[in-house]
Colleague: 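Have a look at this one before I ask anything.
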Amino acid sequence: MIRAGRQHLVRTLADIAAQLGIAEQTLLNSGRHQAPGFPAPLGAGRTRLYDGEQVDAYLAGRPVPQLPAADDDEDLLDRQEAAALRGEPLSVWDRRRKDPAVREHLVVVGGVEHWPRRIVREYTPALRRGTSGGGGGRPAGAGDLVPRDQLPARVAQLLDENPVLTAGDVADRLGVHRNTATAALVQCRAERMADLMEQREVTAAEAAAALGYPAGQTRRASVRAEAVVRGRRARTYLAAVAQALHARGWTATSTPPDVQHPEDDLCVAALTLDAPQAPAPALVWSERHGWRTATSRRHPLGRGTAWPPPHDGVRHLATGPTPAPDDLVTALDSTG
């Protein structure tokens, strides 16, 4: 976290590299930021932030001062810290933070989202009920009453109140189409089931039972939850591949690219490559088929569609779905 009144002291790795007169990638490769005694990052997220006063002391060979230990209402918390303070899974806070009551207090420091401690602690989701009066759901021909970006948080609130919630209940309470309600309810249940599956190492059915979800309502959510868990487990491997590709100059960004996970298929990922050097602008991974190059980072797979055979712009790389990152880079080098 960023302690109250110290936001102006925050530095990124890029800031520290500039202070040392070197490139950020040189700093990363040297590992100087991981040396014994180097100040600890201010948060646990992927983007590392540091306290400038501590960094200055370390680089000058002086004792690194301790940060204030007492909590303050104006401390700035990142996503992980906000979820921990509220005692809820990160996926829940990711829904909460989209609420206007939270979003208006967003503070971005070094490219990382933060919120004041008091906002995180005191925020209470406000349930927005349907306005039809008679409980008849969405009138024929009318648009959804709840904006799509607010729907996940609203469904989560209803599910908090009633674990046996049905899509009909959601449609009636929120004034949305039945299909919209079904999709949102399946997704919400799937994410919560996936959280529990990871935390307790249980099956989707066991997670559903523990959450109080009726077996007859969770078949689609169970399939989705299993896909979510597989996708999360793959991210560590995919991030290592992105780092390896970036180190060899194959990516088009100044930092290792984020892995693109299309929401309709968590088991497919894509990385944008540096088009002038690469034979194609993207590298696509499938849990079933492994790696291939592609002409677009938008994978062309639909349900029942075969993995495309090699042709111009499409090359299958390595064997098996998860070759070591260095082996994959070597295979990609051989295509050029």
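Residue numbers run from 1 in the order of the sequence given. We use all heavy atoms of the structure for the numbers below, so side chains are in, but hydrogens, waters and symmetry mates are not.
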Colleague: What are the two closest non-hydrogen atoms of E24 and A14, and how far apart are they?
Modeller: OE1-CB, 3.6 Å
Colleague: With side chains defined as the heavy atoms from C-beta onward, is the minimum distance between H105 and V120 less than 4.5 Å?
Modeller: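 A side-chain contact is absent here, since even the closest heavy-atom pair is not under 4.5 Å.
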Colleague: Hey, could you give me the CD/CD distance between Q7 and E74, rounded to the nearest 0.5 Å?
Modeller: 10.5 Å
Colleague: Can you establish whether the number of heavy atoms outside E122 located under 6.0 Å from its atom CD is more than 12?
Modeller: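 More than 12 within 6.0 Å, yes.
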Colleague: Supply the atom-to-atom distance R48 CZ to I16 CD1, rounded to the nearest 0.5 angstrom.
Modeller: 9.5 Å
Colleague: Please check if the number of heavy atoms outside Q199 that lie under 6.0 Å from its CD is greater than 12.
Modeller: yes
Colleague: State which residue, out of D72, D51, D71, fulfils the side-chain hydrogen bond (donor to acceptor under 3.5 Å, both in side chains) condition with R3.
Modeller: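 Between R3 and the candidates, side-chain hydrogen bond (donor to acceptor under 3.5 Å, both in side chains) is satisfied uniquely by D71.
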Colleague: Same cluster or not: are L185 and L174 linked, directly or through other Ile, Leu, Val, Met, Phe, Trp or Tyr residues, by side-chain heavy atoms under 4.5 angstrom apart?
Modeller: yes
Colleague: Is there a path of hydrophobic side-chain contacts, each under 4.5 Å between heavy atoms of I, L, V, M, F, W or Y residues, that connects L211 with V170?
Modeller: yes
Colleague: Would the distance check show the side chain of T218 and the main-chain N or O of A221 forming a donor-acceptor pair, the cut-off being under 3.5 Å?
Modeller: no
Colleague: Kindly say whether G31 contributes a backbone atom to a donor-acceptor pair with the side chain of Q34 at under 3.5 angstrom?
Modeller: no
Colleague: So R79 and V112, side-chain contact (heavy atoms from CB on, under 4.5 Å) or not? Walk me through it.
Modeller: CA-CA 9 Å; R79 293 170 55 241; V112 180; over 6 Å; no
Colleague: Decide whether T166 and D169 meet the rule of one side-chain donor and one side-chain acceptor closer than 3.5 Å.
Modeller: yes
Colleague: So, does E206 use its side chain to make a donor-acceptor pair with the main chain of T203 at under 3.5 Å?
Modeller: yes
Colleague: Check the pair W93, L77 against side-chain contact (heavy atoms from CB on, under 4.5 Å), reporting the backbone distance first and the verdict last.
Modeller: CA-CA 12 Å; W93 176 251; L77 311 184; over 6 Å; no
Colleague: Is L76 linked to I119 within one hydrophobic cluster, defined over Ile, Leu, Val, Met, Phe, Trp and Tyr using a side-chain heavy-atom separation of less than 4.5 Å?
Modeller: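 No, it is not one cluster - the side chains of L76 and I119 are not joined through contacts under 4.5 Å.
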Colleague: When you measure from the centre of the six-membered ring of Y213, is the NZ or CZ of R189 under 6.0 Å away and within 45° of the axis?
Modeller: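 Geometry flag: set, cation within 6.0 Å and 45°.
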Colleague: Check R97 with E113, please: is the shortest side-chain N to carboxylate O separation under 4.0 Å?
Modeller: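 Yes, charged N to carboxylate O under 4.0 Å.
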Colleague: Checking D73 side chain against R118 main chain: does a donor-acceptor pair fall under 3.5 Å?
Modeller: no
Colleague: Ignoring hydrogens and geometry, is there a side-chain-to-backbone donor-acceptor pair from E81 to M1 under 3.5 Å?
Modeller: yes
Colleague: Going through the checks in order, is the side-chain hydrogen bond (donor to acceptor under 3.5 Å, both in side chains) test met by N29 and T26?
Modeller: CA-CA 5 Å; N29 293 341; T26 301; 5.7 Å; no
Colleague: So does V176 get a backbone contact from the side chain of T180, meaning a donor-acceptor N/O pair under 3.5 Å?
Modeller: no
Colleague: Of all the heavy-atom pairs spanning L90 and A83, show the shortest one and how long it is.
Modeller: CA-CB, 3.9 Å
Colleague: Measure the spacing between CD of Q157 and CZ of R173 and express it to the nearest 0.5 Å.
Modeller: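 Separation between the atoms: 10.0 Å.
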Colleague: Looking only at non-hydrogen atoms, find the nearest pair between A167 and A181 and report the distance.
Modeller: O-CB, 3.5 Å
Colleague: Under the salt bridge (charged side-chain N to carboxylate O under 4.0 Å, His left out) rule, collect the residues that match up with R95, sequence neighbours excluded.
Modeller: E191
Colleague: The criterion is side chain to side chain donor-acceptor pair (under 3.5 Å); which residues satisfy it with S30, sequence neighbours excluded?
Modeller: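 Applying side chain to side chain donor-acceptor pair (under 3.5 Å) to S30 gives none.
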Colleague: In terms of hydrophobic clustering (I, L, V, M, F, W, Y; side-chain heavy atoms under 4.5 Å; direct or indirect links), are L67 and V107 co-clustered?
Modeller: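 Linked, L67 and V107 end up in one cluster.
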Colleague: In the structure I gave you, are the side-chain heavy atoms of L106 and V102 within less than 4.5 Å of one another anywhere?
Modeller: no
Colleague: Is the number of heavy atoms from other residues, nucleotides or ligands within 6.0 Å of CZ (R121) greater than 12?
Modeller: yes
Colleague: If you round to the nearest 0.5 Å, how far is CG of L158 from CZ of R154?
Modeller: 9.5 Å
Colleague: Is any side-chain heavy atom of V10 less than 4.5 Å from a side-chain heavy atom of Y50?
Modeller: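 Not in contact.
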Colleague: Give a yes or no on whether R200 atom CZ has more than 12 heavy-atom contacts from other residues, nucleotides or ligands under 6.0 Å away.
Modeller: no
Colleague: Do you know the tightest heavy-atom contact between P89 and D195?
Modeller: CB-OD2, 3.3 Å
Colleague: Check whether any side-chain N or O of R103 sits under 3.5 Å from a backbone N or O of K98 as a donor-acceptor pair, and report yes or no.
Modeller: yes
Colleague: Taking D99 for the side chain and R96 for the main chain, is one N or O donor matched with an acceptor at less than 3.5 Å?
Modeller: no
Colleague: Can you tell me which residue among L165, L159, L151 is in a side-chain contact (heavy atoms from CB on, under 4.5 Å) with C188?
Modeller: L159
Colleague: side-chain contact (heavy atoms from CB on, under 4.5 Å) for R86 and Y123? Distances and angles first, verdict last.
Modeller: CA-CA 9 Å; R86 293 181 61 85; Y123 166 69; 3.9 Å; yes
Colleague: Taking a hydrophobic cluster as the set of Ile, Leu, Val, Met, Phe, Trp and Tyr residues connected by side-chain heavy atoms closer than 4.5 Å, whether directly or through intermediates, do F38 and L9 fall within one such cluster?
Modeller: no
Colleague: Mind running side-chain contact (heavy atoms from CB on, under 4.5 Å) on E226 and M197 for me, showing each step along the way?
Modeller: CA-CA 9 Å; E226 291 169 351; M197 290 164 69; 4.1 Å; yes
Colleague: Do you know which two heavy atoms are closest between L196 and A210, and how far apart they sit?
Modeller: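 Nearest pair, atom of L196 first, then A210: CD2-CB, 3.6 Å.
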Colleague: Would a 4.5 Å heavy-atom cut-off, applied to side chains only, mark L59 and L20 as touching?
Modeller: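 Contact flag for L59/L20 side chains = yes.
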Colleague: May I ask you to test the P116-D75 pair for a side-chain heavy-atom distance under 4.5 Å?
Modeller: no
Colleague: Main chain of P65, side chain of Q54: is a donor-acceptor contact present, judged purely on distance under 3.5 Å?
Modeller: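 Confirmed, Q54 side chain pairs with P65 backbone.
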Colleague: Over all heavy atoms of both residues, which pair between L49 and H114 is shortest? Give the atoms and the distance, please.
Modeller: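 Shortest heavy-atom separation between L49 and H114 comes out as CD1-CE1, 3.8 Å.
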Colleague: With a 4.0 Å cut-off, would you call R192 and D160 a salt bridge?
Modeller: yes
